[in-house]
Student: 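There's a structure below that I have some questions on.
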Amino acid sequence: MTESDDRIKLEASWKEALRDEFDKPYMHELSEFLRSEKAAGKVIYPPGPLIFNALNSTPLDRIKVVIIGQDPYHGPGQAHGLCFSVQPGVPTPPSLQNIYKELQRDLNIPIPAHGYLQHWAEQGVLLLNTSLTVEQARAGSHANAGWQQFTDRVIQVVSERCDGLVFLLWGSHAQGKQKFIDAQKHLILKSAHPSPLSAYRGFLGNGHFSRTNKFLEQHGKAPIDWALPALG
């Protein structure tokens with residue numbers, strides 16, 4: 001890794017697995033793009049220390065489940081590097097509200113009063129957006145900046161190095177990443193996206209949370225505690 005890239009605070013197992021990726025030209029171009037955007041006065045989410053929060057919160061050897069999102073929330077104070085999750089004190093976004101509705105229907109888990117999913121990440125749920133940054137108020141603005149190539153590699157690494165995972169692919173964007181996943185080693189569950197525009201076309205009622213835990217238990221792994229603790 002270069003001196004500038006070495007300043008990136010990345011959990012040790014991920015740093016080892018992705019070391020070569022940071023030396024590739026596209027990652028240098030991505031770093032330069034982010035620097036120039038900030039120099040131009042643009043507001044970028046999430047804050048720099050949280051860009052790799054999904055990886056830092058869920059070490060490679062602890063992953064049990066992978067949920068793939070698209071790009072970070074683009075409103076003030078929302079994004080903190082975990083897909084579908086928002087920081088404490090921020091209202092729960094509509095897609096996450098539908099995720100909670102399905103959790104309640106599927107596992108009888110009460111709907112939480114917040115949208116902070118750090119508890120899932122710390123149990124082995126990799127909450128990975130395919131773009132790790134976004135410009136304020138401009139959804140998808142960094143989709144072609146290089147993040148797609150990086151997170152495609154993350155998905156490949158997870159598929160190659162881990163066994164018996166569950167990949168939850170909600171919506172066409174996430175399902176486009178299926179080609180990087182070894183279906184002989186892992187369980188792939190697909191449905192519509194939890195967005196209010198599509199949740200009633202197959203997300204609500206998909207039973208993914210109970211099916212995930214059943215698969216994990218069948219493979220000798222502890223199930224995910226999907227119930228979120230109250231925030232202090």
Student: Going by atom types alone, do Lys24 and Gln149 pair a side-chain donor with an acceptor below 3.5 Å?
Tutor: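 No.
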Student: Say whether, by atom type as modelled, one donor and one acceptor occur between the side chain of Trp120 and the main chain of Trp226 under 3.5 angstrom.
Tutor: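 Between the backbone of Trp226 and the side chain of Trp120 there is a qualifying donor-acceptor contact (under 3.5 Å).
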Student: Side-chain contact, heavy-atom cut-off 4.5 Å: Val154 with Trp14?
Tutor: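 Contact flag for Val154/Trp14 side chains = yes.
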Student: Verify, without hydrogens or angle tests, whether Asn98 (side chain) and Pro194 (backbone) share a donor-acceptor contact under 3.5 angstrom.
Tutor: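 Looks like yes, one N/O pair under 3.5 Å.
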Student: Can Leu126 be reached from Phe215 by stepping across I, L, V, M, F, W or Y side chains whose heavy atoms are under 4.5 Å apart?
Tutor: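 No, no single cluster joins them.
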Student: Tell me, with the steps shown, if His119 and Gln123 meet side chain to side chain donor-acceptor pair (under 3.5 Å).
Tutor: CA-CA 7 Å; His119 178 62; Gln123 294 180 77; 3.2 Å; yes
Student: Return yes if some donor-acceptor pair links the side-chain N/O of Thr92 with the main-chain N/O of Gln97 below 3.5 Å, else return no.
Tutor: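 Not a single qualifying donor-acceptor pair exists.
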Student: Any link between Leu197 and Leu169 through a network of hydrophobic side chains (Ile, Leu, Val, Met, Phe, Trp, Tyr) touching at under 4.5 Å?
Tutor: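 The answer is no; the residues belong to distinct hydrophobic clusters.
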Student: If the test is side chain to side chain contact (heavy atoms under 4.5 Å, CB included), which one of Leu127, Leu132, Leu82 qualifies with Asn53?
Tutor: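 One option only clears the test, and that one is Leu82.
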Student: Within the distance-only criterion (no hydrogens, no angle test), does the side chain of His80 pair as donor or acceptor with the backbone N or O of Pro46 below 3.5 angstrom?
Tutor: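 Judged by distance alone, no pair lies under 3.5 Å.
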Student: Can you check whether Lys177 reaches Gln148 side chain to side chain, under 4.5 Å on heavy atoms?
Tutor: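 When only atoms from C-beta onward are counted, Gln148 and Lys177 do touch, with a gap below 4.5 Å.
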Student: Under 30°, 30 to 60°, or over 60°: which ring-plane class applies to His186 and Phe167, parallel, tilted or perpendicular?
Tutor: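 Geometry flag for Phe167 against His186: perpendicular rings.
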Student: To check you understand the geometry: which heavy-atom pair defines the closest contact between Gly69 and Phe84, and what is its length?
Tutor: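 Gly69 and Phe84 have their closest heavy atoms at CA-CE1, 4.3 Å.
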Student: When you measure from the side chain of Lys185 to the backbone of Cys162, do you find a donor-acceptor pair of N or O atoms at a distance under 3.5 Å?
Tutor: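 Yes; judged by distance alone, with no hydrogens or angles, the pair exists.
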Student: Do any N or O atoms from the side chain of Ser195 and from the backbone of Ser95 form a donor-acceptor pair under 3.5 angstrom?
Tutor: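 Pair absent, no side-chain N/O of Ser195 close to backbone of Ser95.
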Student: Let me see the working for Asp61 and Ser13 under side chain to side chain donor-acceptor pair (under 3.5 Å), right down to the final yes or no.
Tutor: CA-CA 7 Å; Asp61 60 358; Ser13 65; 4.9 Å; no
Student: Testing Thr130, Thr133, Asp152, Asn129 for side chain to side chain donor-acceptor pair (under 3.5 Å) with Trp147, which one passes?
Tutor: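 With Trp147 as partner, side chain to side chain donor-acceptor pair (under 3.5 Å) holds for just one option, Thr133.
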Student: Could you tell me whether the side chains of Asn206 and Ser191 share a donor-acceptor contact shorter than 3.5 Å?
Tutor: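 Checked: Asn206/Ser191 side chains pair up, N/O donor to acceptor below 3.5 Å.
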Student: Strictly under 6.0 Å, is that where the ring centroids of His208 and Phe203 end up?
Tutor: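 No, ring centres 6.0 Å or more apart.
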Student: Measure from the side-chain N and O atoms of Lys42 to the backbone N and O of Gln136, and report whether any donor-acceptor pair falls under 3.5 Å.
Tutor: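 It does not hold such a pair.
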Student: Which pair of non-hydrogen atoms, one from Arg138 and one from Glu135, has the smallest distance, and what is that distance?
Tutor: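 Looking at all heavy atoms of both residues, the closest pair is NH1-OE1, 2.9 Å.
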Student: How close do Ala79 and Pro47 get, counting heavy atoms only, and between which atoms?
Tutor: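 Result for this residue pair: O-CD, 4.0 Å.
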Student: Around Lys214, counting heavy atoms of other residues, nucleotides and ligands shown, do more than 12 lie under 6.0 Å from its NZ?
Tutor: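 At most 12 heavy atoms, drawn from other residues, nucleotides or ligands, come within 6.0 Å of this atom.
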Student: Can you tell if the side chain of Leu165 reaches within under 4.5 Å of the side chain of Leu187, non-hydrogen atoms only?
Tutor: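 No, too far: nothing below the 4.5 Å cut-off.
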Student: Before giving the answer on side-chain contact (heavy atoms from CB on, under 4.5 Å), spell out for Lys190 and Gln178 the whole-Å C-alpha distance, their side-chain angles and the decisive distance to 0.1 Å.
Tutor: CA-CA 10 Å; Lys190 299 185 288 186; Gln178 184 172 345; 3.1 Å; yes
Student: Is the centre of the Phe150 ring less than 6.0 Å from the centre of the Tyr26 ring?
Tutor: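 Between Phe150 and Tyr26, the centre distance exceeds or equals 6.0 Å.
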Student: For a side-chain contact (heavy atoms from CB on, under 4.5 Å) check, start with the C-alpha distance between Ile224 and Val125, then their side-chain angles and the critical distance, and finish with the verdict.
Tutor: CA-CA 8 Å; Ile224 303 299; Val125 182; 3.9 Å; yes
Student: Does some side-chain heavy atom of Phe209 sit less than 4.5 Å from a side-chain heavy atom of Glu102?
Tutor: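 SC-SC contact between Glu102 and Phe209 confirmed.
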Student: As a quick check of understanding, evaluate side-chain contact (heavy atoms from CB on, under 4.5 Å) for Leu128 and Ile67, giving each step before the final call.
Tutor: CA-CA 6 Å; Leu128 182 70; Ile67 299 177; over 6 Å; no
Student: Where do His114 and Ala230 come nearest, in terms of heavy atoms and distance?
Tutor: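 Between these two residues, the closest heavy atoms are NE2-CA, 4.4 Å.
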Student: Using the rule given for side chain to side chain donor-acceptor pair (under 3.5 Å), can you reason through Ser57 versus Gln118, listing the C-alpha separation, both sets of side-chain angles and the distance that settles it, and then say yes or no?
Tutor: CA-CA 8 Å; Ser57 296; Gln118 192 73 31; 2.8 Å; yes
Student: Identify whether Tyr116 and Leu96 are in the same connected component of the hydrophobic contact network (ILVMFWY, side-chain heavy atoms under 4.5 Å).
Tutor: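 Not linked; separate clusters.
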Student: Do Asp106 and Ser210 have side-chain atoms, one donor and one acceptor, less than 3.5 Å apart?
Tutor: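 There is such a pair (donor and acceptor under 3.5 Å, judged by atom type) between the side chains of Asp106 and Ser210.
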Student: Run the side-chain contact (heavy atoms from CB on, under 4.5 Å) check on Val66 and Val166 step by step: do they pass?
Tutor: CA-CA 6 Å; Val66 180; Val166 183; over 6 Å; no
Student: Between Ser31 and Met27, is there a donor-acceptor pair closer than 3.5 Å when you use the side chain of the first and the backbone of the second?
Tutor: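 Looks like yes, one N/O pair under 3.5 Å.
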Student: So do the side chains of Leu204 and Lys101 get within less than 4.5 Å of each other, counting heavy atoms only?
Tutor: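 A side-chain contact under 4.5 Å exists here.
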Student: Compare every heavy atom of Ser131 with every heavy atom of Ala143, then report the nearest pair and how far apart it is.
Tutor: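 Distance-wise, the nearest heavy atoms are CA-OG, 3.4 Å.
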Student: Between the side chain of Ser85 and the main-chain N/O of Leu117, is any donor-acceptor distance below 3.5 Å?
Tutor: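 Between the backbone of Leu117 and the side chain of Ser85 there is a qualifying donor-acceptor contact (under 3.5 Å).
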Student: Before accepting this row, confirm whether a basic side-chain N of the pair Glu11/Arg62 lies closer than 4.0 Å to the acidic partner's carboxylate O.
Tutor: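 No salt bridge links Glu11 with Arg62.
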Student: Test your reading of the model: is there a side-chain donor-acceptor pair from Thr58 to the backbone of Leu55, 3.5 Å cut-off?
Tutor: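 Side chain of Thr58 to backbone of Leu55: no pair is present.
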Student: Nearest heavy-atom pair of Val86 and Pro93: which atoms, and what distance?
Tutor: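 Closest approach of Val86 to Pro93: CG1-CG, 3.5 Å.
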Student: Check the pair Gln156 / Lys179 against side chain to side chain donor-acceptor pair (under 3.5 Å), numbers first and verdict last.
Tutor: CA-CA 9 Å; Gln156 286 179 305; Lys179 59 182 175 288; over 6 Å; no
Student: Kindly say whether the aromatic ring centers of Phe33 and His142 come within a distance under 6.0 Å.
Tutor: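 Yes.
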